[in-house]
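Notes for the one structure printed next.
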Amino acid sequence: MKMKSFEKLLVMVVSIIGLFATPAIAGGTLSMTKADGSVITLSMEQLVEMPVTEFYTSTPWTTGVQKFSGVSFKELFETHGIDSDTVSVSALNDYSVMVPTNVLREDGAILTYHLNDAEMSIREKGPFWVIFPYDSDVRLQTDNYWSYSVWQVKSVDAQN
């Protein structure tokens, strides 16, 4: 009888540890498909090695002004040869939206991987989130830009 209770307790402790360890290992990978159909897979480590863009802004999904860090889409697209007019940005839950690449490049969007200097778990909209510097221009505070702000991003695919 004591052994079964111990086993149940052990399973519960391991489950709880796994639950709290998930944000620490959120990491994740980003899949990008170029216009020619070739696929690039980037790890969190590879994205973090790219030049970092940071800004502070408020969002409809967070409280107050937050610090967002990531790689600019301009840098991401130039480095990896994404040259289409539109990309499909898809989330882990299969939500996707078509976004003009010039909007991502010219309006300062970043593929965020850190919120307030911490890696984001899936529960925290991570591992990747499309963020614009919303507070810098009221034109970024519209339904179109909100719809482009995909969280839990899994892929960015060039569209012909």
_Arg123 vs Gln152, side-chain contact (heavy atoms from CB on, under 4.5 Å): CA-CA, chis, key distance, verdict_ = CA-CA 9 Å; Arg123 281 190 223 145; Gln152 299 175 338; over 6 Å; no

*How many angstroms lie between atom CD1 of Ile40 and atom OG1 of Thr29, to the nearest 0.5 angstrom?*
13.0 Å

*Classify the side-chain pair Thr62/Gln66 by whether it contains a donor and acceptor separated by less than 3.5 Å.*
no

*Taking atom NZ of Lys154 as the centre, report whether more than 12 heavy atoms of other residues, nucleotides or ligands fall under 6.0 Å from it.*
yes

*Looking at Leu140 and Ser136, what are the two nearest heavy atoms and their distance?*
CD1-OG, 3.8 Å

*Mind listing the closest non-hydrogen atom pair of Val150 and Ala91 along with its distance?*
CG1-CB, 3.7 Å

*Check whether Tyr56 and Leu111 end up in the same hydrophobic cluster, where Ile, Leu, Val, Met, Phe, Trp and Tyr are linked by side-chain heavy atoms less than 4.5 Å apart.*
no

*In sequence, state the C-alpha distance, the side-chain angles, and the governing distance for Thr59 and Trp146, and then conclude on side-chain contact (heavy atoms from CB on, under 4.5 Å).*
CA-CA 9 Å; Thr59 80; Trp146 303 141; 5.6 Å; no

*Spacing of Phe73 atom CZ and Asn102 atom CG [to the nearest 0.5 Å]*: 13.5 Å

_Could you see if Met98 belongs to whatever hydrophobic cluster contains Val103? Use Ile, Leu, Val, Met, Phe, Trp, Tyr and a side-chain cutoff under 4.5 Å._
no

_Atom of Arg105, atom of Lys74 and distance for their closest heavy-atom approach_ = CG-CA, 4.0 Å

_Treating Asp135 as the side-chain partner and Ser58 as the backbone partner, does any N or O pair qualify as donor plus acceptor under 3.5 Å?_
yes

*Any sub-3.5 Å donor-acceptor pair from Gln46's side-chain atoms to Ser43's backbone N or O?*
yes

*OG1/Thr101 to CG/Leu76 distance, rounded to the nearest 0.5 angstrom?*
12.0 Å

_Nearest heavy atoms of Phe77 and Leu104, plus distance in Å_ = CZ-CD1, 3.9 Å

*asked:* As a quick check of understanding, evaluate side-chain contact (heavy atoms from CB on, under 4.5 Å) for Val87 and Met32, giving each step before the final call.
replied: CA-CA 10 Å; Val87 291; Met32 292 195 320; over 6 Å; no

_Ile131/Phe55 under side-chain contact (heavy atoms from CB on, under 4.5 Å): CA gap, chis, key distance, verdict_ = CA-CA 10 Å; Ile131 293 289; Phe55 52 75; 3.6 Å; yes

*For the residue pair Thr53 and Ser72, what are the closest heavy atoms and their distance?*
OG1-CB, 3.7 Å

*Could you give the distance from CG (Asn93) to CH2 (Trp151), rounded to the nearest 0.5 Å?*
9.0 Å

*Candidates Trp129, Trp61, Phe132 - the one meeting ring-ring contact (aromatic ring centres under 6.0 Å, His included) with Phe68*: Trp129

*Can you tell if the side chain of Ser90 reaches within under 4.5 Å of the side chain of Val153, non-hydrogen atoms only?*
no

_Closest heavy-atom pair and its distance - Pro127, Leu92_ = CD-CD1, 4.4 Å

*Whether over 12 other heavy atoms sit under 6.0 Å from Asp85 CG*: no

_Would you call the rings of Tyr148 and Tyr145 parallel, tilted or perpendicular, taking 30° and 60° as the class edges?_
perpendicular

_Straight-line distance of Glu45 CD to Tyr113 OH, nearest 0.5 Å_ = 11.5 Å

*Asp107 vs Arg139, salt bridge (Lys or Arg N to Asp or Glu O under 4.0 Å): CA-CA, chis, key distance, verdict*: CA-CA 10 Å; Asp107 291 335; Arg139 133 187 112 70; 2.8 Å; yes

*Lys34/Asp157 salt bridge by N-O under 4.0 Å criterion*: no

*For the hydrophobic clusters of this structure (ILVMFWY residues joined by side-chain heavy atoms under 4.5 Å, transitively), does one cluster hold both Val65 and Met120?*
no

*For residues Ser84 and Gln159, is any side-chain donor paired with an opposing acceptor at under 3.5 Å?*
no

_Donor-acceptor contact present, side-chain Thr112 to main-chain His114, <3.5 Å_ = no

*asked:* When you compare the side chains of Ser38 and Asp36, does any donor N or O come within less than 3.5 Å of an acceptor on the partner?
replied: yes

*Hey, could you give me the CD/CG distance between Glu75 and Leu47, rounded to the nearest 0.5 Å?*
11.0 Å

_Would the distance check show the side chain of Glu54 and the main-chain N or O of Ser69 forming a donor-acceptor pair, the cut-off being under 3.5 Å?_
no

